[in-house]
Amino acid sequence: MEKILEIDSVTAGYGDQVVLENVNLAIHEKDFIGIIGPNGGGKTTLLKVIMGVVKPFRGKIRFFTSVEENERRITGYLPQMNNLDRNFPISVTDVVLSGLMSREGFFSLYSGKQKKLAYSILEKMGIYHLRNKPVGELSGGQLQRVYLSRALISSPRLLMLDEPSTFVDTRFETDFYEILRQLNKEMAIIIVSHDVGTITWYVKTIACVNRFLHYHRSNVITQEQLEAYNCPIQLITHGDIPHTVLKKHEKDHD
Amino acid sequence: MIESFAELMQYRFFTNALLAATLASIACGIIGTYIVSRRIVFISGGITHASFGGIGIGYYYGFNPILGAAVFAVISALGIEMISKKTGVREDSLIGILWSLGMATGIIFVFMSPGYAPDLMGYLFGSILTVSGNDVFQMAILAVVIILFFILFYKPILFIAFDQEYAKTHNYPVQLMNCILITLVALTIVMSIRVAGVILVLSLLTIPQTTANILTRDFRTMIFWSVVFAFAGSITGLLVSFQLDIPSGASIIFSLILLFLAVRISGWTLSRVRLMKQMNGKLPHQRLADKKR
């Protein structure tokens with residue numbers, strides 16, 4: 001499958017603090033990668049390195065794009081919920097349109113075409129009727145769809161989600177992963193989560209990030225691996241929430 | 001009353017005051033919406049009080065105190081914006097330091113200046129009736145700059161104010177825009193010191209916006225209503241202060257607060273009436289009582 005981007009022995013961090021060390025990862029079309037790891041292990045930093053917000057100390061990121069694709073954004077991003085001010089006076093449509101911001105479009109107001117694009121995405125997400133509402137009046141699940149719409153409006157080739165399950169109650173969560181599964185037919189997805197149990201059921205591959213990155217070419221991880229990388233585990237689930245039972249350590253089989 | 005208003009308009013100082021109130025309402029309505037939305041009211045308080053240092057130095061060396069205030073305000077604004085991010089000093093602690101440092105500097109220099117400082121109270125509490133034609137001219141320039149800047153850069157201002165971290169992922173010049181906006185905040189504060197004074201100027205940047213926020217939760221509409229309420233409050237305050245011969249800054253603030261209460265109460269009553277209609281003329285607790293019976 002075609003490669004979208006390649007992270008080549010990247011070391012990155014903030015100030016003189018190294019958060020990621022010698023990370024290698026290639027992302028292909030239709031990948032669905034779950035990134036797990038402890039808090040402060042560098043999960044979000046990895047996403048920021050891919051988006052170019054954090055510049056690596058060493059190593060580089062290579063994008064494999066055709067010339068006409070350089071015109072548009074490759075990545076769509078859904079940040080963590082807790083950084084957002086829900087009382088800010090802004091409407092749903094404006095939030096979605098902010099996914100189109102770029103240095104070039106600095107002056108102009110939105111064209112009618114951009115607004116139509118925003119409406120069509122809101123319709124797909126089932127929240128067209130909320131288009132003129134201020135974000136403060138939405139429920140967690142609705143808000144998550146707004147931010148997903150913002151990430152999707154630039155039709156990215158790689159969608160990156162940072163802890164999307166902190167947004168919502170578990171009933172909404174099942175729907176949300178179903179949407180992601182549909183989107184995965186058109187784009188690669190990286191999802192950062194502390195919730196190992198739920199995401200392993202949906203993702204195709206798993207990467208553990210704890211300063212170093214360990215990539216598994218399947219969505220089954222062993223207890224031994226989890227312990228080795230000090231990945232936090234959340235395995236107890238109830239009702240309809242699908243979850244993966246992790247393989248036991250081989251020594252336990254006697 | 002109308003006659004006396006026509007009479008008043010013949011006085012130069014009164015037309016100047018009216019113009020100053022109008023221009024300050026426009027600048028504060030726009031900038032205040034940004035301040036309230038971004039929750040940087042405390043930063044603005046710091047900038048306001050830091051500017052008093054410049055007023056004192058202006059007094060002592062005999063140049064226009066407003067010029068000194070502008071220099072102090074812009075430096076402390078950019079200082080808060082940049083230093084806390086670069087050095088890891090807590091932002092609110094830094095604001096506290098600049099706040100008190102500015103006031104201390106100001107009072108030392110005013111104290112050292114020879115003679116009595118008659119318009120010191122004006123700088124502290126506002127004296128819109130002593131605004132000069134030159135002041136009005138400076139305020140007009142600032143108002144035009146702010147209007148143009150917000151029309152040209154409406155999108156980036158809104159997006160960066162709403163979600164800075166996300167704007168950074170789109171390679172937006174977040175830091176540059178923040179610096180320009182905080183400079184405009186500082187200049188708006190300094191220009192409005194003539195109207196409401198160092199101690200009271202925060203009112204023009206927060207009360208009309210809070211009133212507007214009752215009516216709307218859209219940034220653009222909030223700017224519009226903030227300007228309207230700031231204008232209504234400051235003109236009413238100006239006339240009341242003239243009629244009753246009380247300090248103009250304080251009477252403007254009371255007008256703004258009364259306006260806020262009026263909108264708040266009528267909004268509350270309206271929603272109550274609407275609810276009564278939906279519930280067949282009974283309020284929820286009355287319905288509950290009916291059910292129990």
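Worth saying up front: this structure is predicted, and the values here are computed from it rather than measured. Proteins come first, then strands; the chains are lettered A, B, ... in the order of their sequence lines, and each starts at number 1.
Atom CG of residue A:L47 and atom OG1 of residue B:T169 lie 10.5 Å apart, to the nearest 0.5 angstrom. For the atom pair OG of A:S91 and CZ of B:R217, the computed distance is 12.0 Å after rounding to the nearest 0.5 Å. Taken from OH in A:Y77 to CD in B:E165, the straight-line distance is 8.0 Å, to the nearest 0.5 Å.
Between A:P89 and B:M222 the shortest heavy-atom distance is CG-SD, 3.9 Å. The shortest heavy-atom contact between A:V95 and B:F162 is CG2-CE2, 3.9 Å.
The number of heavy atoms from other shown groups lying within 6.0 Å of CZ (A:R62) is above 12. The environment of CH2 in B:W225 is sparse: at most 12 heavy-atom neighbours from other residues, nucleotides or ligands sit within 6.0 Å. No more than 12 heavy atoms of other residues, nucleotides or ligands sit less than 6.0 Å from atom CZ of B:F254. Within 6.0 Å of CZ on B:R264 lie no more than 12 heavy atoms contributed by other residues, nucleotides or ligands.
The pair B:R220-A:D94 does not meet the salt-bridge criterion, since no charged nitrogen lies less than 4.0 angstrom from a carboxylate oxygen.
Residues B:F159 and A:L100 have side chains not in contact (no heavy-atom distance under 4.5 Å, counting atoms from C-beta outward). At a threshold of 4.5 Å between non-hydrogen side-chain atoms, the residues A:N87 and B:R39 count as touching.
Across B:D163, B:D218, B:L158, a single residue satisfies side chain to side chain contact (heavy atoms under 4.5 Å, CB included) together with A:I90, and that is B:L158.
When heavy atoms are compared at a cutoff of 4.5 Å, A:K133 does not approach chain B at all. Residue A:V54: no heavy atom, backbone or side chain, is found under 4.5 Å from chain B.
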Under 3.5 Å, which donor-acceptor pairs do the side chains of residues 18-26 of chain A form with other protein atoms, sequence neighbours left out?
| from | atom 1 | to | atom 2 | distance (Å) |
| --- | --- | --- | --- | --- |
| A:E21 | OE1 | A:R211 | NE | 2.8 |
| A:E21 | OE1 | A:R211 | NH2 | 2.6 |
| A:N24 | OD1 | A:S9 | N | 2.6 |

